[in-house]
Amino acid sequence: MNESDSLVHSQHLPPGQAGERLNLPRRKIGWQWMSFLVRRLLAGDMYQAKTEHEEAAFVLLGGRCLADWGQGGQRIGKRKNVFDGFPYALYLPAGNGVTFTAETECEIAECRVPSQAQLEPRLIGPQDVASALRGGGNVSRQIVDLMPPAFPADKLIVVEVYTPGGNWSSYPPHKHDVHNPPEEVDLDEIYYYRMSQPDAFAFQHLYSGEQSSARTLQTRDGDVVLVRSGYHPVVAGPGYDVYYLNFLAGSSRAMAVTEDARHVWIRSTWKETDPRLPLVRG
């Protein structure tokens, strides 16, 4: 495991410039499952996508646009950025297409996985997501489920996570790299980071239980961490609230994980949730 295998920086786009911030096809990053793309559109720009032999999830990170996936154009988008409220997202199964026409500057995160399942497209609005507070003390964070395991998709799971500055997330450390249901399933995972301040940062620690394979990555706004295996806890830099968007896909559509038994005791110390939460509301 090395940094170049796990950490990818976004393409810098000056304010007011459209284009791709990230384009990570699964063959390029050596993955069986997920491809990931982030695109910025300016007002009036159009983006067309077809799924063919894949399913895809499109998460509107910020801005407003008109989306047409064969059911007539629908205006979507409410938040200015990921710290401004709950998201809109569109799920497209195999054999579908969509056209996004930007009404304001907007950014769209897109994740694709191979699929032949004959399912129905579905728009997810702020009223459809489920928000919950998890953990306690300085391990408190906010979870916003867009496409949980109960969502009618083939492989993709999608969730947003908000971690207040100085707090830990994805903790106690857990892993999902062995197909042994119902205890654990093998899921690749994308962490896509956004931060509201230019100097903000977080650290993500990747380890497998063997000291020689451990690595700690510093992440900043727009960075992606590709979690291929092992444990992967996160800590937000003090003073800097951190958002990450998770996409998961693998051997089963379930959130069955194994926690690092050495650190599970921390749960017994949790009494109150961090009063700064929730960081976003619908």
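Quick caveat: nothing in here was measured; it's all calculated off a predicted structure.
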With a 4.5 Å cut-off on side-chain heavy-atom distances among I, L, V, M, F, W and Y, is there a chain of contacts connecting [X] to [Y]?
{"X": "Val144", "Y": "Phe83", "value": "yes"}
{"X": "Leu13", "Y": "Leu22", "value": "no"}
{"X": "Val113", "Y": "Ile29", "value": "yes"}
{"X": "Phe58", "Y": "Phe247", "value": "no"}
{"X": "Leu66", "Y": "Val59", "value": "no"}

Check your understanding: Has Glu272 got more than 12 heavy atoms of other residues, nucleotides or ligands less than 6.0 Å from its CD?
Key -> no
Review point. Does Gln71 CD have over 12 foreign heavy atoms under 6.0 Å away?
Key: yes
Does [X] reach the side chain of [Y], with side-chain heavy atoms less than 4.5 Å apart?
{"X": "Leu248", "Y": "Met255", "result": "yes"}
{"X": "Phe151", "Y": "Arg122", "result": "yes"}
{"X": "Leu206", "Y": "Ser6", "result": "yes"}
{"X": "Phe100", "Y": "Leu60", "result": "no"}
{"X": "Trp31", "Y": "Arg228", "result": "yes"}
{"X": "Pro93", "Y": "Pro121", "result": "yes"}
{"X": "Ser10", "Y": "Tyr192", "result": "yes"}
{"X": "Val8", "Y": "Phe36", "result": "no"}

For residues [X] and [Y], report the shortest heavy-atom separation together with the two atoms involved.
{"X": "Ile157", "Y": "Ala254", "result": "CD1-N, 4.0 Å"}
{"X": "Ser252", "Y": "Leu187", "result": "O-CD2, 3.3 Å"}
{"X": "Ala214", "Y": "Tyr207", "result": "CB-CB, 3.9 Å"}
{"X": "Gly230", "Y": "Asp177", "result": "N-OD2, 2.9 Å"}
{"X": "Pro164", "Y": "Asp241", "result": "CA-OD1, 3.3 Å"}
{"X": "Ala57", "Y": "Val158", "result": "CB-CG2, 4.0 Å"}

Taking atom types as modelled, find out whether [X] and [Y] have a side-chain donor-acceptor pair closer than 3.5 angstrom.
{"X": "Glu110", "Y": "Tyr47", "value": "yes"}
{"X": "Asp154", "Y": "Ser115", "value": "yes"}
{"X": "Asn81", "Y": "Tyr243", "value": "no"}
{"X": "Thr258", "Y": "Glu184", "value": "yes"}
{"X": "Tyr244", "Y": "Thr219", "value": "no"}

Do side-chain atoms of [X] reach the backbone of [Y] as a donor and acceptor pair under 3.5 angstrom?
{"X": "Asn96", "Y": "Thr51", "value": "no"}
{"X": "Ser251", "Y": "Asp186", "value": "yes"}
{"X": "Arg40", "Y": "Glu20", "value": "no"}
{"X": "Arg276", "Y": "Gly165", "value": "yes"}
{"X": "Arg79", "Y": "Leu61", "value": "yes"}
{"X": "Asn246", "Y": "Ile190", "value": "yes"}
{"X": "Asn167", "Y": "Ser140", "value": "yes"}
{"X": "Tyr88", "Y": "Arg75", "value": "no"}

What is the distance from atom [atom1] of [X] to atom [atom2] of [Y], rounded to the nearest 0.5 Å?
{"X": "Ser170", "Y": "His205", "atom1": "OG", "atom2": "NE2", "answer": "13.0 Å"}
{"X": "Glu55", "Y": "Leu156", "atom1": "CD", "atom2": "CG", "answer": "4.5 Å"}
{"X": "Gln11", "Y": "Arg21", "atom1": "CD", "atom2": "CZ", "answer": "9.5 Å"}
{"X": "Met46", "Y": "Leu41", "atom1": "CE", "atom2": "CG", "answer": "10.0 Å"}
{"X": "Leu90", "Y": "Leu146", "atom1": "CG", "atom2": "CG", "answer": "11.5 Å"}
{"X": "Leu92", "Y": "Leu123", "atom1": "CG", "atom2": "CG", "answer": "10.0 Å"}

Donor-acceptor pairs under 3.5 Å, side chain of residues 124-138 to any protein atom, not counting sequence neighbours: which ones?
unit_1, atom_1, unit_2, atom_2, d
Asp128, OD2, Gly125, N, 2.8
Ser131, OG, Gln142, NE2, 2.9

Review point. Trp270: which other cluster members, linking ILVMFWY side chains closer than 4.5 Å, directly or transitively?
Key: Val139, Trp168, Tyr171, Phe201, Phe203, Val235, Tyr240, Trp265, Ile266
Point to revise | Reference residue Ser35; test side-chain hydrogen bond (donor to acceptor under 3.5 Å, both in side chains); the match among Arg112, Glu54, Arg27, Arg26 | key: Arg26
Exercise for review: Using the side-chain contact (heavy atoms from CB on, under 4.5 Å) rule, take Phe86 and Val280 through it: C-alpha gap first, then chi angles, then the decisive distance, then the call.
Suggested key: CA-CA 7 Å; Phe86 292 161; Val280 298; 3.7 Å; yes
Check your understanding: Would Glu160 and Arg194 satisfy side-chain contact (heavy atoms from CB on, under 4.5 Å), going step by step from the backbone distance to the final call?
Key -> CA-CA 11 Å; Glu160 295 184 325; Arg194 298 304 298 263; over 6 Å; no
Study note, to complete from the structure: For Asp68, the side chain to side chain contact (heavy atoms under 4.5 Å, CB included) test, sequence neighbours excluded, returns none
Check your understanding: Would the His176 and His232 ring centres measure less than 6.0 Å apart?
Key -> yes
